[in-house]
Structure formats: structure tokens, C-alpha cells
Amino acid sequence: KLAEAEAKAAKAVAKRTHEAERSAREELAETLARSRTESEEQLEESVREMEKALQEELEKRIREARQKLEEERFASLAEEEAKLRSRVDAQISARRKAAEEAEAPKEERQVQAEAAKRLAEEEAKLSAATQRL
């Protein structure tokens, strides 16, 4: 009878142990599944945050590069404009001088110079004649 009782007890222990093991394994499987899901969600969230940070950094660098290029372009344009203005001013000045020389009243100036010379000569003669008297 003792052997039967021990066999019965061993069978009952095995049955309870089997159920406890099965329950523990199911609980472990559920816990692992939840843990995997949470881990995947955390990973996805971390990746999204990293992508967002990288995207913002990229956009910032693009803005800075664009601004630098625009500043360089404006500086280059200003320099080129100054050179062109200088060249145009020199051309205008040269053309004005040429036009003034071409349109100058040369004959009238020559006539006036000769008249001024004759006047000076006549005044000198008059002064000499006045002193003789």
C-alpha cells in the first residue's frame, strides 16, 4: 500500500508540476512576446527620433550652405558691378572728352586769342605814345 500511495503521490506531483511548468512556460512566452513588442516599439521610436534629428540637422546644413552661397554670389555680383561701373565711367569720360574736343569752338578761340594779342600790342603802343607826350 505504501508503494501505491507513493506512486499515486508521485503521479499527483508530476501532474501538478506539469501544470505549473506549462503555466510558467506560457507566462514566460507571453512575457517574452510583450518584451519583444515593447523592444521593437522602443527601437522604432528611437529610429524615428534619430531620423528626425538627422533630418533637422541636414535641413540646417542645407540652409547654412544656401546662405553662404548666396552671400558669395552677392559679393561676386557687387564686385563685378563695381568693375563694370568703373569701366563704363571711364568710357563715358573718354567719349565726353572726345566729344568736347570735336565740338570745341577752335576757330573762335583762336580768333579771340589773336584779338587779345593785338589788343595787348595796341595798348602797349598807346602806353608808349602816351609816355612820349
Side-chain angles (χ1 to χ4, degrees):
K1 284 190 175 188
L2 177 61
E4 281 181 25
E6 284 185 8
K8 194 176 184 182
K11 204 176 191 184
V13 166
K15 185 177 179 182
R16 283 187 184 177
T17 304
H18 177 71
E19 288 180 22
E21 259 183 47
R22 192 188 61 167
S23 175
R25 286 178 197 224
E26 287 176 1
E27 188 177 319
L28 176 62
E30 290 173 4
T31 302
L32 286 174
R34 270 195 313 272
S35 179
R36 283 187 191 121
T37 302
E38 289 172 2
S39 176
E40 287 175 10
E41 290 172 355
Q42 288 174 350
L43 176 64
E44 288 176 13
E45 180 63 25
S46 295
V47 168
R48 275 194 298 273
E49 289 174 3
M50 194 179 315
E51 285 176 345
K52 182 179 177 185
L54 289 172
Q55 184 66 31
E56 289 171 356
E57 179 67 23
L58 178 62
E59 289 171 1
K60 178 184 173 191
R61 287 185 181 186
I62 289 172
R63 280 192 306 272
E64 290 172 350
R66 179 176 286 134
Q67 183 177 0
K68 182 179 178 186
L69 289 172
E70 286 179 0
E71 288 171 359
E72 289 173 357
R73 182 177 62 100
F74 287 139
S76 175
L77 286 175
E79 185 178 326
E80 185 65 24
E81 181 180 352
K83 287 178 184 177
L84 289 173
R85 284 186 186 279
S86 177
R87 189 179 315 142
V88 167
D89 289 345
Q91 288 174 352
I92 289 172
S93 178
R95 288 179 183 173
R96 179 178 289 122
K97 185 177 179 182
E100 287 174 354
E101 288 176 7
E103 298 297 323
K106 294 176 187 173
E107 291 179 23
E108 289 83 355
R109 285 181 184 168
Q110 188 176 8
V111 169
Q112 181 188 8
E114 289 173 8
K117 183 179 176 185
R118 277 194 312 253
L119 176 62
E121 289 172 356
E122 291 299 321
E123 286 177 347
K125 285 181 189 178
L126 178 62
S127 175
T130 305
Q131 284 181 354
R132 279 188 233 148
L133 291 172

I would like to know whether Q110 and E114 meet side chain to side chain contact (heavy atoms under 4.5 Å, CB included); could you show each step before the answer?
CA-CA 6 Å; Q110 188 176 8; E114 289 173 8; 3.7 Å; yes
Mind checking the [atom1]-[atom2] spacing from [X] to [Y]? Nearest 0.5 Å is all I need.
X    : Y    : atom1 : atom2 : result
E49  : E44  : CD    : CD    : 12.5 Å
K117 : L119 : NZ    : CG    : 13.0 Å
E26  : L28  : CD    : CG    : 11.0 Å
E100 : R96  : CD    : CZ    : 7.0 Å
R34  : R36  : CZ    : CZ    : 12.5 Å

Within-4.5 Å side-chain heavy-atom neighbours: [X] and [Y]:
X   : Y   : result
E45 : R48 : yes
I62 : E59 : no
E19 : R16 : no
K68 : E72 : yes

Please check if the number of heavy atoms outside [X] that lie under 6.0 Å from its [atom1] is greater than 12.
X    : atom1 : value
E107 : CD    : no
E121 : CD    : yes
E70  : CD    : yes

Short question: side chain of [X], backbone of [Y] - any donor-acceptor pair under 3.5 Å?
X    : Y    : answer
T37  : A33  : yes
T17  : V13  : yes
T130 : L126 : yes
S93  : D89  : no

For V88, the hydrophobic cluster (side chain heavy atoms closer than 4.5 Å, chained through members) also holds I92
Does the side chain of Q55 pick up a donor-acceptor pair with the side chain of E51 at under 3.5 Å?
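The criterion, which ignores hydrogens and geometry beyond distance, is not satisfied for E51 and Q55.
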Salt-bridge test for [X] and [Y]: reply yes if a basic N is under 4.0 Å from a carboxylate O, no otherwise.
X    : Y    : answer
E81  : R85  : yes
E21  : R25  : yes
K83  : E79  : yes
E122 : K125 : yes
E57  : R61  : yes

For a side chain to side chain contact (heavy atoms under 4.5 Å, CB included) check, start with the C-alpha distance between K60 and R63, then their side-chain angles and the critical distance, and finish with the verdict.
CA-CA 5 Å; K60 178 184 173 191; R63 280 192 306 272; 3.7 Å; yes
